[in-house]
Amino acid sequence: MLSLHDTATGEVRRLELRDPGRVSMYVCGPTVYDAPHLGHGRFSLVFDVLRRYLEWTGLEVRYVSNITDVDDKIIARARDEARSESEVARDQEASWWAAMEALGVKRPTEVPHATAYVRRMVDVVGELLDSGAAYRTSTGVYLSVDAVDGYGLLARQSLGSLRVGARVDPGEEKRSPRDFALWKAAKEGEPSWEAPFGRGRPGWHTECVVMSLDLLGDGFDIHGGGEDLAFPHHENERAQAVVLGRSFARHWVHNGWVVDATGEKMSKSLGNFTSLEDLLRRADGRAYRLLVLRAHYRSPIEVSPLTVADAEEALGRLDAMARRFGLAGGLSEMSADEAEEKAASGELAEAGALGDFRRKMDDDLDTPGALATIFELVKAANVAADSGSQQLGAQIAATAFVLCGSLGLAVEPGSSELDAATAALVAERDAARKRRDFVRADEVRDQLSAAGWVVEDGPSGTRVHR
RNA sequence: GGCGGCGUGGCCGAGUGGUUCAGGCAGGGGCCUGCAAAGCCCUUUACGGCGGUUCGAUUCCGCCCGCCGCCUCCA
C-alpha cells in the first residue's frame with residue numbers, strides 16, 4: 001500500500017483508507033478568471049498521476065475537483081471586459097479543459113461548481129453562526145479563528161506565532177485580522193444570493209469544505225493541492241469542519257512549486273509565469289508530464305526551454321522504443337494485476353521490474369525512481385533486440401510500456417501512415433540503395449526530411465515516421 | 001520575527017553511514033551503418049564551507065555561507 005507525506009503530521013505515513021478498496025480524494029481546482037499556467041499544470045499532473053496509480057493498483061478512486069466560478073478576480077475581469085461573470089467563467093473554464101486534455105489529464109469523477117452549491121453553503125454558514133464561532137459584520141460573516149481548536153495545524157505553527165500580514169481593513173470590522181470571510185455581503189452589480197444573514201456571495205474557503213464533505217462524506221481520504229494552499233486555504237477549510245464537529249481529510253497532500261530558471265517561484269503576482277497554452281504550443285504535452293514526473297512531487301521543478309527540451313529528448317527515447325517494438329494502444333491500459341499475471345506467464349518480461357516500480361511508487365510517489373526503472377527496461381529491451389532476441393526485447397519493452405501507461409504517459413510510435421507520394425519515395429530510396437546509388441538515395445532522404453519525415457534505415461529497408 | 005525546505009558530476013534530478021552503478025539530457029571516444037538516424041559500449045577525484053560523532057560520512061550532529069518558500073490573493 002501507498003505511503004504519502006501528510007502535511008498535517010509532516011511525516012510520510014501509510015495511506016489508511018476509510019473504506020478498504022476505495023479512495024476518496026478532493027483536489028482544489030482552479031478559479032476560472034485567467035488562462036491556466038504551469039503551476040496549474042503541475043498540480044493537475046501530480047494528482048492525475050496519483051489517481052491513475054491508485055486505479056492501476058486496483059483501487060476504486062473517486063476524484064473530486066472543483067471549479068471556483070464566483071470570486072473577486074472573476075468579478076474584476078468581467079468588469080474590465082464589460083462582460084458578465086458567468087461568461088468570463090465559462091470561457092476560462094473551456095480553456096482549462098482544453099489544457100487538461102492536451103496534458104492527458106483524466107477528467108475528475110466529479111467537478112462541482114461553486115455557484116451550484118450556494119444553497120448548501122448558506123446552510124453551513126448558518127450552522128457556523130449558530131455554533132457561536134462565526135459572527136456578522138456589515139461586510140459579511142466571518143469565522144473567528146480563536147474559536148477553533150488547533151488552528152495552524154497545516155501551517156505547522158501555533159496561532160500566536162502567525163504574523164499578521166496585511167493590516168486589518170477597518171471597514172471589515174473583523175475581530176481578529178486572521179478571521180476569514182464565510183460570506184461576503186452583496187455589493188451593487190456583483191453576483192449575489194439570498195441568505196438569512198443577508199444577501200451576498202460565499203467566501204472561497206467555504207466552497208471546498210462544503211463540496212468535499214457533501215460529495216465524499218466525513219473523513220474522506222485525501223485532500224490535495226499546491227503547497228501554497230496549505231495555509232491559509234486548507235487550514236480555513238479544516239477550521240470550519242472542526243467547528244461543525246465533522247471529521248475532515250485523513251491525509252493532506254501538497255505539491256511543490258514550478259520555478260523559473262533563476263529558482264524563483266512562478267506566480268501571478270511576480271509576473272514570471274508561463275501559461276500552459278504557451279508551453280503546449282512549443283512542446284508536446286507529454287513532455288511536460290515527463291518533466292513533472294522526473295522530480296519528486298514535493299520538490300520544486302525548474303521549467304525552462306532547456307529542461308523542456310531535455311524532457312522531449314527523453315520522451316523521444318520512449319517513443320523510439322514503441323516504434324522499434326511496434327507497441328501501441330491497449331497495453332497501456334493493463335492493470336498492475338494483469339501485468340503481474342502476464343509476467344508470471346512469460347508474456348511480459350522482467351517481472352522484477354514490476355515490483356521495483358511499485359516499491360518506488362509506494363514510497364511517497366517516487367516517480368523519478370520509477371522512471372529510472374522504466375528507462376532501465378528500455379535499455380534492456382534494446383540490448384536484447386540488438387543481440388538477436390527480438391521477442392525478448394519486445395516483451396521487456398511491453399513491460400516498460402505498461403508502466404508508462406500507469407503514469408498516464410502515452411508512449412507513441414508516431415505516425416507512419418504514408419500517402420502515395422511518400423510511399424513512392426520510400427520505395428525509390430530502397431531501390432536506389434539496393435543498386436548502391438547512394439547519391440540518389442541521399443537526394444530522396446533529403447526530400448523526405450524536407451517534408452517532415454524522420455528517415456531510418458533498417459534491415460528491412462527504409463522506414464519513415466513523424 | 002516565527003515556521004519550513006534546499007545546496008549532488010556540463011545541465012536536470014534521485015539516493016545512501018562503508019565494497020560497483022540512480023536515471024535522463026548534453027559533450028567526447030568507439031562499435032554498427034555506403035553515409036545518416038536509431039541502438040549498444042566507454043567517458044576523467046559528484047555530493048556548499050568548517051568542525052564533531054564514527055574504524056569509516058555526501059549520508060548523522062553543530063555552526064557558518066548561499067538560495068528559496070509559507071506566515072497576504074496565489075496551484
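Chain naming here is simple, since letters A, B, ... match the order of the sequence lines and numbering starts at 1 in each.
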Below 4.0 Å: OP1/OP2 of [N] and any side-chain N or O of [X]:
X	N	result
A:Lys360	B:G23	no
A:Asn255	B:A75	no
A:Arg317	B:G39	yes
A:Ser299	B:A14	yes

Which part of the nucleic acid does [X] contact within heavy-atom distance under 4.0 Å: base, sugar-phosphate only, or nothing?
X	result
A:Gly39	base
A:His37	base
A:Gly10	nothing
A:Val383	sugar-phosphate
A:Gln157	base

Taking the [atom1] atom of each, how far is [N] from [M], in whole Å?
N	M	atom1	value
B:A26	B:C64	C1'	35 Å
B:U16	B:G23	C1'	16 Å
B:U58	B:G17	C1'	10 Å
B:G24	B:C40	P	9 Å
B:G7	B:G48	C1'	6 Å
B:G27	B:U33	C1'	22 Å

Original post:
Among B:G34, B:A75, B:G23, which is the nearest nucleotide to the side chain of A:Ala372?
Top reply: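 So the nucleotide nearest the side chain must be B:G23.
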**OP:** Provide the closest heavy-atom pair for A:Glu412 versus A:Arg286 in the form atom of the first, atom of the second, distance.
**Re:**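 So the two residues come closest at N-NH1, 3.5 Å.
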Original post:
Closest approach of A:His223 and A:Ala249, non-hydrogen atoms and distance?
Top reply: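 The pair with the smallest heavy-atom distance is CB-CB, 3.5 Å.
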Expressed in angstrom and rounded to an integer, what is the separation of [X] atom [atom1] from [N] atom [atom2]?
X	N	atom1	atom2	value
A:Leu45	B:A75	CG	P	16 Å
A:Trp257	B:A75	CH2	P	9 Å
A:Glu227	B:A75	CD	C1'	10 Å
A:Arg445	B:G34	CZ	P	12 Å

Subject >> A:Gln390, CD atom: more than 12 neighbouring heavy atoms under 6.0 Å >> reply: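 Check passes, neighbour count above 12.
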Original post:
Can we say A:Lys360 and A:Asp356 salt-bridge, meaning some charged N sits less than 4.0 Å from an Asp/Glu carboxylate O?
Top reply: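 Yes, this pair counts.
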**OP:** Examine the side chains of A:Thr462 and A:Arg429 and answer whether a donor and an acceptor come within less than 3.5 Å of each other.
**Re:**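 There is such a pair between these side chains.
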Original post:
What about A:Asp442, does its side chain sit under 3.5 Å from the base of B:G34 through a donor-acceptor pair?
Top reply: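 Donor-acceptor pair under 3.5 Å: yes.
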Subject >> No-H, no-angle donor-acceptor pair, A:Asp71 side chain to B:C73 base, under 3.5 Å >> reply: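 Check fails, no donor-acceptor contact within cut-off.
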